[in-house]
Amino acid sequence: MKTKLNVIASTLLLVLAPAAMAAEVAVITLDNGANIRLKDDFTWEYIITETVIQPVQAAKAGITKQANVVTQPTIASAASIAAVTTPVAAPTVTMPTAAAINTQVSTTRLTAAALAQPELLGSTAKDGIKITLVDTKWKDDNVGLVFDFDSSSNEHVTLVEVEASFYNDQGELIKQENLQAWEAIPRMPDTYLRKGQHRQSDTLWIEDINQQQWQKQLISLKIVEIESR
C-alpha cells in the first residue's frame with residue numbers, strides 16, 4: 001500500500017508543480033474508511049483526530065449589595081436639645097441578573113475511523129526512523145512505555161523526541177507530552193541508532209494516566225526532532 005500511496009503523491013505533485021508548494025497536497029479516503037494526508041515531501045500520514053466545537057452555557061447570578069450606613073454628626077439647637085436624631089439607612093441595591101452567556105469551546109478527539117481501527121495508532125515514522133509502542137507497565141496511575149525503533153536512515157541517530165498524545169477510551173484527548181524516546185550516551189557510539197538496526201527503548205514513565213480510562217491504550221505518536229552525528 002505504501003508504494004501505491006507514494007505513486008499517487010508523486011503524480012499529484014507533478015500536476016501541482018507550477019503552483020506554490022504546500023505542506024498538504026491532498027486527502028484520500030482508503031477502502032477501509034481511513035483518511036490519509038499526502039504531503040509535498042512525498043510522505044503521507046493517517047488523519048486520526050478531529051476538532052469538535054461544543055457550546056457551553058454560563059450565567060451570572062444576581063448580586064445583592066447592602067450599602068454602608070453613614071451617620072453625620074448633628075449640632076442640636078437649644079429648642080431641640082432633647083430630641084433624638086435617627087439616621088436613615090441607605091436603601092438596599094440589587095444588581096440585575098445577567099442573561100445566560102453562550103460560549104464555544106473546541107476539543108480534540110479521535111475520529112470514528114481511528115476508534116474503529118486502533119491499529120492506526122501507536123506507530124509513526126520520519127526521515128527513516130520508525131517508532132512503535134510495544135509494551136506498557138503500570139505503577140498506580142503511572143504508565144511505563146516501551147518503544148521499538150527501526151532505522152533505515154544513513155545518519156547515526158543520537159536523539160529521537162516524540163510527541164505522545166493520550167486519548168481515553170471514548171477518544172477524548174487527556175494528556176500530551178514530549179518524550180525523549182531515544183537518547184544516546186555522548187561519545188559512546190554503541191548507543192547510537194544506526195541504519196538497519198532494530199532496537200528497544202528503556203521504559204519511559206508517564207504520570208497521571210488513569211488506568212481505568214486508558215484500557216484501550218489509545219496513543220498517537222509524532223516525531224518532532226531527530227538529532228544525529
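Under the 4.5 Å side-chain heavy-atom criterion for grouping Ile, Leu, Val, Met, Phe, Trp and Tyr, Leu221 is connected to Ile209 within one hydrophobic cluster. Each of Ile219 and Leu120 belongs to its own hydrophobic cluster when Ile, Leu, Val, Met, Phe, Trp and Tyr are linked at side-chain heavy-atom distances under 4.5 angstrom. Residues Leu121 and Val146 are members of separate hydrophobic clusters, defined by side-chain heavy-atom contacts under 4.5 angstrom among Ile, Leu, Val, Met, Phe, Trp and Tyr. Cluster annotation: Leu133 is not connected to Leu173 through the hydrophobic network of ILVMFWY side chains, with a link wherever side-chain heavy atoms come within less than 4.5 Å. Note on Val25 and Tyr46: same hydrophobic cluster, where clusters join Ile, Leu, Val, Met, Phe, Trp and Tyr whose side-chain heavy atoms are under 4.5 Å apart, directly or indirectly.
Few gaps surround CG on Asn210; more than 12 heavy atoms of other groups in view lie less than 6.0 Å from it.
A donor-acceptor contact under 3.5 angstrom links the side chains of Thr29 and Asn35, judged on distance only.
Between the side chain of Glu183 and the backbone N or O of Gln180, no donor-acceptor pair lies under 3.5 Å. Although no hydrogens or angles enter the test, the distance criterion places a donor-acceptor pair under 3.5 Å between the side chain of Ser152 and the main chain of Gly128.
With sequence neighbours left out, the side-chain hydrogen bond (donor to acceptor under 3.5 Å, both in side chains) criterion links Glu161 to Asn178.
For the pair Glu45 and Lys39, the salt-bridge criterion is met [side-chain N within less than 4.0 Å of a carboxylate O].
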**Request:** Show your reasoning for whether side-chain contact (heavy atoms from CB on, under 4.5 Å) applies to Leu145 and Leu179.
**Result:** CA-CA 10 Å; Leu145 309 179; Leu179 311 174; 4.2 Å; yes
**Request:** Tell me, with the steps shown, if Asp127 and Ser153 meet side-chain contact (heavy atoms from CB on, under 4.5 Å).
**Result:** CA-CA 7 Å; Asp127 297 340; Ser153 171; 5.9 Å; no
**Asked** Hey, mind stepping through Phe166 and Ile206 against side-chain contact (heavy atoms from CB on, under 4.5 Å) and telling me if it holds?
**Response** CA-CA 10 Å; Phe166 298 81; Ile206 311 299; 4.0 Å; yes
**Message:** Test side-chain contact (heavy atoms from CB on, under 4.5 Å) on Leu218 and Asn168; report intermediate values, then the result.
**Reply:** CA-CA 7 Å; Leu218 301 174; Asn168 63 21; over 6 Å; no
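Counting only residues at least two apart or on different chains, the ring pair (Phe, Tyr, Trp, His ring centres under 6.0 Å) pairs with a member in residues 169-209 are Phe149-Trp182.
Residues Thr124 and Lys222 form no side-chain contact, since every pair of their non-hydrogen atoms from C-beta on lies 4.5 Å or further apart.
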